[in-house]
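The block underneath contains the structure these notes are about, expressed in structure tokens.
The chains referred to below are lettered A, B, ... by the order of the sequence lines, with proteins before strands, and numbering in each begins at 1.
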Amino acid sequence: MEITINGKKVEYSGPPWMANLMEFLGISSPPVVVERNLHIVPLRELEREPVEDGDSIEIVHLVGGG
Amino acid sequence: MEITINGKKVEYSGPPWMANLMEFLGISSPPVVVERNLHIVPLRELEREPVEDGDSIEIVHLVGGG
Amino acid sequence: MEITINGKKVEYSGPPWMANLMEFLGISSPPVVVERNLHIVPLRELEREPVEDGDSIEIVHLVGGG
Amino acid sequence: MEITINGKKVEYSGPPWMANLMEFLGISSPPVVVERNLHIVPLRELEREPVEDGDSIEIVHLVGGG
Amino acid sequence: MNDSLIIAGRAFRSRLLMGTGKFATRRLLEEALEASGAQIVTVALRRVELDNPQDSLLSAVDPRKYLLLPNTSGARDAKEAVRLARVARAAGCEPWIKLEVTPDPHHLLPDPVETLLAAEILVKEGFVVLPYINADPVLAKRLEDAGTAAVMPLGSPIGSKQGLRTRDALEIIIEKSGVPVVVDAGLGAPSHAAEAMELGAEAVLVNTAIAVAGDPVAMALAFRKGVEAGREAFRAGLGQAQKKAEASSPLTGFLR
Amino acid sequence: MNDSLIIAGRAFRSRLLMGTGKFATRRLLEEALEASGAQIVTVALRRVELDNPQDSLLSAVDPRKYLLLPNTSGARDAKEAVRLARVARAAGCEPWIKLEVTPDPHHLLPDPVETLLAAEILVKEGFVVLPYINADPVLAKRLEDAGTAAVMPLGSPIGSKQGLRTRDALEIIIEKSGVPVVVDAGLGAPSHAAEAMELGAEAVLVNTAIAVAGDPVAMALAFRKGVEAGREAFRAGLGQAQKKAEASSPLTGFLR
Amino acid sequence: MNDSLIIAGRAFRSRLLMGTGKFATRRLLEEALEASGAQIVTVALRRVELDNPQDSLLSAVDPRKYLLLPNTSGARDAKEAVRLARVARAAGCEPWIKLEVTPDPHHLLPDPVETLLAAEILVKEGFVVLPYINADPVLAKRLEDAGTAAVMPLGSPIGSKQGLRTRDALEIIIEKSGVPVVVDAGLGAPSHAAEAMELGAEAVLVNTAIAVAGDPVAMALAFRKGVEAGREAFRAGLGQAQKKAEASSPLTGFLR
Amino acid sequence: MNDSLIIAGRAFRSRLLMGTGKFATRRLLEEALEASGAQIVTVALRRVELDNPQDSLLSAVDPRKYLLLPNTSGARDAKEAVRLARVARAAGCEPWIKLEVTPDPHHLLPDPVETLLAAEILVKEGFVVLPYINADPVLAKRLEDAGTAAVMPLGSPIGSKQGLRTRDALEIIIEKSGVPVVVDAGLGAPSHAAEAMELGAEAVLVNTAIAVAGDPVAMALAFRKGVEAGREAFRAGLGQAQKKAEASSPLTGFLR
């Protein structure tokens, strides 16, 4: 399926769960935050959160700022 | 009847029309503006505008300002 | 004799030496400085410095300043 | 003879008078000022002012300034 | 060359707007207005005094010579400001309004939120709105987007005569604005008015500094010249200030 | 009413002295002088270029219309300044001299000690001396005591266009001075000139800001108006600046 | 005697808040934080870079030692700001948020209307809101009334290092405010931070001036001392500035 | 790293010189000196009061802990200043002298000519001379050439607490000076002292602001920190101020 992650189109064929997607992307959860279609996905629910074709997903983290 | 004009209680017993009230007060209309119970009374309608007991009337004019 | 000390006329009849005058005035030398007729008198020479009628003497010391 | 004019060495073989030198240089006097060996030469005396080998001559004029 | 101030499609020769408050006599006001060359003059609204109904300095202001610009001074929120604007229009003024919303009677500083709200309403009602604001570039832009005919950022608090204490922000407002920037409040001397014009302001509004001057008429003329001086300098192209010195005379060679 | 600038017993209508350096063309200088209304114009001395002896912007300056005020720019000490002053007089100028002694060619700031020394000599030789100085109240007083006809404290470094960075000291100089105070150097805009006049300066000298403007002629006129605005405001009596705001409109009772 | 900064009922010894942007290395950030003595440090949100997911300066910031204060930088309106605040909370931060709404990416000045709107929403959602605002006293008051835990007026534009260009307005904000005033943005040197504290600000936030210094660690310490100096001076009671001089030494009598 | 102030070959840890005038009690002076960390303290000369010969605040100042720096306050010309310097030396002080020549008792501003004259004499007599001067770069250079051990330009008039009103000139003096620049007079708050140090001054002298503070001891400590903050910032390398804003946070991509 094709999903949009942080604004980039990505082809993903792994298991359709957010936790798997994160693994696929090589992102060890904290301190990241995942938004799926503008809704925040609590980290503890990444296993139960599906990933579907056309999803728009944002993965953000804290960085230096003023 | 008792009416409130510019915040002061006034006893008025003349004809119950705004034009008469103005005359009673010695105010030659322009450039004043009359508000009766928060509604502006066009100057040309002062004759037709009633004055009733308990009315709250504001009579204002332009003055120097910055 | 009459001498001027710090601008004030003073009648002095003691022994005509600066050391005696200082004692008379109740001034224990340091950290004061004595000028006699515009010349500085080293403290160690107060015994040997005469006092004569008409002398103008300044006795100053250090005070707080910026 | 060799003279220094405004800091430049100049070979001059004309008549030994300042007026002639000025002519040689193509300078129509006013509003210039001539200094010969640090002394100001009044313009009316240019005819009578000699020019000698080794002289240091300054010729200046007014220009825009603040 | 012609250099008019254009507000809401109307052209004015003078870039000095003048306020009419605090004048000692009607005569002084009349002559000061004349001397200032102002074409737009601000006025305020007040209750008629019932025991002395006829007084009004305003008879000094001929509405055929001057565009009367009523203000909403005294309004503490959008609702009161809108009410005052409507009353002013009913008083026979053209629908131009200097919008002031100042909840704090002590510092008389404007409320950005209420001012924007009132501006949106008054623009819809067909008013030509000139809002008095803090020197806030983002707010100025929002008011422009809301349809105001100009923005009137303050130089320093009303009547303080401190001049352009908000210079940095004014420069940004002027750079960004698509409507005329009229610097209002705090201009205490002609040099302040000139400085505002040199920055590129389209006009200035002055009241207190003229009204309370030893000689208000002479001061009105002085401000007029100050505004013209600043405007002409802006158009003539001012050089940049610089830290280093630069000789204005050639260093005289022959001393060396 | 008449309000002349008096220097050394001579009266001038204009309080704007203008410098003649840095102009692109003789024509521009001529027209800018005309527009400025200046009656006193400064000039400098330089070696004639032997290969091009006839050039001189100065032909633009008619000595019957303007009082030529030669400066001693380039002088690094009293001796050089005195020499330049004498040469200037020999050039046919009246014995007026703008005394400048600037040992440091980088910042072009004046030397207080050499300036006083040169002033004493030149006054004895009958010159009307106008010394260019740092904004130093004590030095200004000493120069006055030495017989100078005026003092010319700087607003900021020559050609820097930074305006009155020495305002505090200028106020003291003006308060104490018995001779005209002419603010020189650093005036980059009409607002700066107006500010100097509002403080009570008797006149200002401007050169760079006019000469390097996009349109020098328009800028000369702008400075003229700025100087007039500041002077008239000073005479009309400026109010004091204050921290607190003060309403210019009556707070409208009927909203309460 | 104890002198804590209290925000939302929480006490902090340090009155220097520090930003974590623009540091060259994690090591420098870590040491600068240590040297600054800061207890509240701001952070931002950004997309993970998919090709390099693990980088994060932030590992330098131990959440047990520092209270992380995420900002909403990048938000152009209330909606975006609220979204960012929620994301920050989901990232495990405590519900404290530095609210920034800056529609103009060039000047990065805050939007007063959107900031107030976002503040109202976030306060309802239980956030401790610290809004970054223009130095606008009326807006500051409205935010306080809306329940923000502090107000963060700017001294000058972000990163400009110009210091307190808004001093007059800051004084009014401090005088009127019932919540801590934290001066943010534009503080380029310890003297600027000290000045803000001397005015009576409760704290300051510094980032750029430390991060881009030649030696960020030494600069962090310098700011720490500057903030302490200003605070202690404020508490010790500063005298008023005055125009006139006043001898600090007795004028020595015997010379007369 | 070691960062000593070196004057006349002598090293001092503290860059805060403190004046001893105007203290209410000997105790306050003693504790304030202690808190300030100062190593050089200024004192003045005065006639002994014959009716009360023993009083002297000065007993608070232990000459083994502090270098006493007598001033010549009250001197109106070089002759009086030289006389005072000699008397001070006779009083047992080391031959260090803070040279002050102030003919005008009202503004207490220094006389450049007399100060240079006195400096030349005192240097010949073996004094270590620290002259108090106007912020005049050329004069500062001449004093250095005359052999003074430092220069002490004023920030603003003595006791006025106005801070660095002469900043531009101070920057030039610091840039050009080959001897330590000690900013004296007018420093009214730690932020002023920090600013002077940030400019690159080697030290500052403070008296009035500490002596008249509500709590002089706390204020002395505050100034100590302000001086350290400014010095450390200077050494750490301050960035330049700039007009434009510059984000300290990355603009958050995912909102777009």
Legend entry - Heavy-atom proximity to chain G below 4.5 Å, by part of E:N134: side chain
Inset, instruction - Ignoring hydrogens and angles, tell me if any N or O in the side chain of E:E144 forms a donor-acceptor pair with the backbone of E:G178 under 3.5 Å. - result: yes
Legend entry - Sidechain N-carboxylate O distance under 4.0 Å for E:D184, E:K98: yes
Inset, instruction - Please confirm whether the backbone N or O of G:P95 pairs with a side-chain atom of G:R89, one donor and one acceptor, at under 3.5 Å? - result: no
Legend entry - chain E contact via G:R167 - which portion, at a heavy-atom distance below 4.5 Å: neither
Legend entry - Structural part of G:L109 lying under 4.5 Å from a heavy atom of chain E: both
Legend entry - Close side-chain approach of G:I97 and G:V128, heavy atoms under 4.5 Å: no
Legend entry - Cationic N near anionic O, under 4.0 Å, E:R224 to E:E228: yes
Legend entry - Distance-only donor-acceptor check, side chains G:T208 and G:K22, under 3.5 Å: yes
Inset, instruction - Kindly give the heavy-atom pair with the smallest separation between G:S73 and G:E100, and that separation in Å. - result: CB-OE1, 3.4 Å
Inset, instruction - Check whether E:D136 gets within reach of chain G through its side chain, its backbone, both or neither, counting any heavy atom under 4.5 Å. - result: both
Inset, instruction - Pick whichever of E:Q162, E:K141, E:E175 has the most heavy-atom pairs under 4.5 Å with chain G. - result: E:E175
Legend entry - Closest-packed option against chain E by number of heavy-atom pairs under 4.5 Å, given G:H107, G:R165, G:K176, G:E114: G:H107
Inset, instruction - Could you look at G:A169 and say if it's the side chain, the backbone, both or neither that has a heavy atom under 4.5 Å from chain E? - result: neither
Inset, instruction - Measure G:D111 against the heavy atoms of chain E and call it side chain, backbone, both or neither at under 4.5 Å. - result: both
Inset, instruction - Heavy atoms only, distances under 4.5 angstrom: which of E:S156, E:P112, E:P103 has the most pairs with chain G? Name it, please. - result: E:P112
